[in-house]
Amino acid sequence: QVQLVESGGGLVQPGGSLRLSCVASGGTFSTYAMAWFRQAPGKEREFVSCISYSGGTKLYADFVKNRFTTSRDDAQNTVFLRMNSLKPEDTAVYYCAAARNKYSSTWYRGKYDQEDEYDYWGQGTQVTVSS
């Protein structure tokens with residue numbers, strides 16, 4: 001069974017930065033597309049970013065483009081989310097997710113942002129942006 005464990009969340013001032021990490025165990029990390037989702041209080045969970053199994057494709061929600069960057073290190077079974085220029089509206093629980101066997105370019109054009117496309121989820125890490 002694959003397990004995902006997020007870390008790196010915390011309290012940061014507006015304009016600050018954080019780097020989230022998600023470590024995977026129990027599976028073949030290099031074959032997974034990896035994503036970050038987030039859920040703010042009282043809101044539904046929403047897509048943030050996705051990185052393909054190869055690392056060659058990176059996709060972002062419009063509201064984080066040019067502020068957040070995702071990357072992966074297959075040697076460490078880890079995916080990262082670097083968050084810059086944080087805003088109070090970025091406050092949420094951030095979840096890491098893994099999708100198996102997503103090798104088709106079609107998937108990266110249309111389904112990568114859908115929760116039900118992901119097979120494994122972490123427990124989440126809290127990010128709070130406040131002065």
Side-chain angles (χ1 to χ4, degrees):
Q1 183 68 15
V2 174
Q3 290 189 327
L4 303 176
V5 179
E6 303 96 334
S7 63
L11 173 64
V12 63
Q13 292 187 342
S17 299
L18 282 175
R19 189 180 79 158
L20 306 183
S21 301
C22 171
V23 179
S25 61
T28 308
F29 181 76
S30 62
T31 68
Y32 302 146
M34 300 298 298
W36 291 93
F37 288 76
R38 72 184 187 185
Q39 187 168 23
K43 296 187 177 181
E44 293 187 351
R45 190 155 55 184
E46 62 183 354
F47 169 79
V48 175
S49 68
C50 172
I51 184 168
S52 64
Y53 67 97
S54 67
T57 298
K58 299 179 182 181
L59 301 157
Y60 299 94
D62 286 343
F63 55 80
V64 301
K65 282 182 180 178
N66 299 320
R67 297 192 299 128
F68 292 8
T69 303
T70 190
S71 60
R72 63 189 297 154
D73 183 340
D74 287 358
Q76 298 186 49
N77 288 353
T78 303
V79 64
F80 303 98
L81 184 68
R82 176 68 179 183
M83 304 186 295
N84 296 327
S85 303
L86 283 162
K87 306 174 182 180
E89 51 264 45
D90 293 318
T91 295
V93 177
Y94 283 71
Y95 297 91
C96 171
R100 295 176 300 178
N101 303 324
K102 303 305 182 187
Y103 305 123
S104 168
S105 59
T106 301
W107 189 82
Y108 294 99
R109 288 198 293 270
K111 296 188 176 182
Y112 62 90
D113 57 351
Q114 298 175 21
E115 286 188 48
D116 59 4
E117 290 290 317
Y118 291 84
D119 302 291
Y120 308 107
W121 292 82
Q123 294 299 307
T125 185
Q126 176 71 46
V127 172
T128 302
V129 185
S130 175
S131 55

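Just so you know, residue 1 is the first one in the sequence shown, and it goes up from there.
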- Message: Between Thr70 and Phe80 (side chain of the first, backbone of the second, donor and acceptor by atom type, cut-off under 3.5 Å), is there such a pair?
- Response: yes

- If you measure only the distance, is there a donor-acceptor pair under 3.5 Å linking the side chains of Thr128 and Ser130? no

- Item | Side chain Glu6, main chain Gln123, donor-acceptor under 3.5 Å | yes

- Query: What distance separates Glu46 CD from Phe63 CZ, expressed to the nearest 0.5 Å?
  - Reply: 3.5 Å

- Query: With no hydrogens and no angle check, is any side-chain donor or acceptor of Thr91 less than 3.5 Å from a backbone partner on Val129?
  - Reply: yes

- Heavy-atom distance under 4.5 Å between the side chains of Ser49 and Val64, does that happen here? no

- Is Arg72 reaching over with its side chain to a backbone N or O of Phe29, donor-acceptor style, under 3.5 angstrom? yes

- Message: Rounded to the nearest 0.5 Å, what separates atom CD in Gln39 from atom CD in Glu44?
- Response: 8.0 Å

- Query: Can you tell me if Asp113 uses its side chain to pair, donor with acceptor, with the backbone of Phe47 under 3.5 Å?
  - Reply: no

- Query: Do Arg67's NZ or CZ and the ring of Tyr60 fall within the cation-pi criteria of under 6.0 Å and 45°?
  - Reply: no

- Message: Is the ring pair Trp107/Tyr112 parallel, tilted or perpendicular, if the boundaries are 30 and 60 degrees?
- Response: perpendicular

- So, do Val79 and Tyr32 sit near enough that their side-chain heavy atoms are less than 4.5 Å apart? no

- Calculate, to the nearest 0.5 Å, the distance between atoms OH and CG belonging to Tyr94 and Leu18 respectively. 9.0 Å

- Item | Geometric class of the Tyr95/Trp121 ring pair [parallel <30°, tilted 30-60°, perpendicular >60°] | perpendicular

- Task: Answer yes or no: is there a side-chain heavy-atom contact under 4.5 Å between Tyr108 and Ser52?
- Result: yes

